[in-house]
Amino acid sequence: MADYTLPDLPYDFAALEPYISGAIMELHHDKHHATYVKGVNSTIEQLAEAREQDSFTHLTGLEKTLSFHLGGHINHSIFWPNMSPDGGDKPTGELAQAIEEYFGSFDRFRAQFQANALGIQGSGWSILAWDTLGQRLHIVQLYDQQANLPACLVPLLMLDMWEHAYYLDYRNDKAAFVAQWWNIANWADVQQRFEQARAQTPGLV
């Protein structure tokens, strides 16, 4: 039995056009995300075999592979509902107030998040996260699928800056991709994650 499964998209492949094409969404979900799910399940099986054989010669490589594929699976599982054909505009309510408190204004938050995304060296993610220790918001970069995040952060909004997320539509114009992506940012989903993170994580770290 597989430990992890590929979630369905909450919309059709072409639902985010013209900002992200159906061709990208189908490849991204059915090929890239599916590969991460297959990879994490395969690695879990290999770790079980290593325990049964009492042979941990390849443990370091398996742990890196587990982290990479599990990261890819979780990141995309957050990324899909972070977008919506009904998205765009700005957050409201307590999320909007928190963004204003920690970043000065929505426009300043957006400018920092956008610069954060474009500043990623190689492949990675730009993330708005809730700090369960400091009880505040941060914008952070995530390298590849798993590196550079402190354990106290809960992702709320994630933007995929791997080339497979935009290259078919935008070629090497990452700035245009990020600028258009705001039109499909699903603030209702981010608000829900914000409320859950604040309510369910105090004292966890």
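What you see below is based on every heavy atom in this structure, not just the backbone, and it leaves out hydrogens, waters and symmetry mates. Quick caveat: nothing in here was measured; it's all calculated off a predicted structure.
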Would you give the length of the straight line joining atom [atom1] of [X] to atom [atom2] of [Y], rounded to the nearest 0.5 angstrom?
X: H28; Y: L168; atom1: NE2; atom2: CG; result: 11.0 Å
X: N186; Y: Y11; atom1: CG; atom2: OH; result: 8.5 Å
X: Q191; Y: L157; atom1: CD; atom2: CG; result: 12.5 Å
X: K64; Y: D144; atom1: NZ; atom2: CG; result: 11.5 Å
X: R110; Y: I139; atom1: CZ; atom2: CD1; result: 12.5 Å
X: L156; Y: W130; atom1: CG; atom2: CH2; result: 8.5 Å

[X]-[Y] co-clustered via ILVMFWY side chain contacts under 4.5 Å:
X: Y170; Y: L118; answer: yes
X: L47; Y: F56; answer: yes
X: F106; Y: M158; answer: yes

Of all heavy-atom pairs between [X] and [Y], which one has the smallest distance, and what is that distance?
X: P155; Y: R193; value: O-CD, 4.4 Å
X: F103; Y: Q112; value: CD2-OE1, 3.7 Å
X: I24; Y: Y167; value: CD1-N, 4.3 Å
X: L16; Y: P85; value: CD2-N, 3.6 Å
X: H33; Y: P7; value: CE1-CD, 3.7 Å
X: P91; Y: I99; value: CG-CD1, 3.7 Å

- prompt: Can you tell me if S67 and E63 form a side-chain donor-acceptor pair at under 3.5 Å?
  reply: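 Side chains of S67 and E63: no pair found under 3.5 Å.
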- prompt: Taking atom types as modelled and ignoring hydrogens, do the side chains of E101 and Q97 form a donor-acceptor contact shorter than 3.5 angstrom?
  reply: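 Absent: no donor and acceptor within the cut-off.
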Quick check: are there more than 12 heavy atoms from other residues, nucleotides or ligands sitting under 6.0 Å from [atom1] of [X]?
X: H164; atom1: NE2; value: yes
X: K174; atom1: NZ; value: yes
X: R136; atom1: CZ; value: yes

Are the side chains of [X] and [Y] in touch, meaning some heavy atoms are under 4.5 Å apart?
X: L128; Y: F109; answer: yes
X: I20; Y: F177; answer: yes
X: L149; Y: V140; answer: yes
X: V40; Y: D3; answer: no
X: H138; Y: Y102; answer: no
X: V154; Y: T132; answer: yes
X: L153; Y: I127; answer: no
X: D189; Y: M83; answer: no

Just by distance, do the side chain of [X] and the backbone of [Y] share a donor-acceptor pair under 3.5 Å?
X: S126; Y: F113; answer: yes
X: S42; Y: K38; answer: no
X: D169; Y: S21; answer: yes

Would you call the rings of [X] and [Y] parallel, tilted or perpendicular, taking 30° and 60° as the class edges?
X: F68; Y: W162; answer: tilted
X: H76; Y: F79; answer: perpendicular
X: H69; Y: Y36; answer: tilted

query: What pairs with S55 under side chain to side chain contact (heavy atoms under 4.5 Å, CB included), at least two apart in sequence or on another chain?
result: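 Side chain to side chain contact (heavy atoms under 4.5 Å, CB included) list for S55, sorted by chain: Q53, T57.
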query: Residues in salt bridge (Lys or Arg N to Asp or Glu O under 4.0 Å) with E163, at least two apart?
result: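 If we apply the salt bridge (Lys or Arg N to Asp or Glu O under 4.0 Å) test to E163, skipping adjacent residues, there are no hits.
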message: I'd like to know whether the aromatic ring centres of Y166 and W181 sit less than 6.0 Å apart in this structure.
response: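 Not close enough - the centres of the two rings lie 6.0 Å or further apart.
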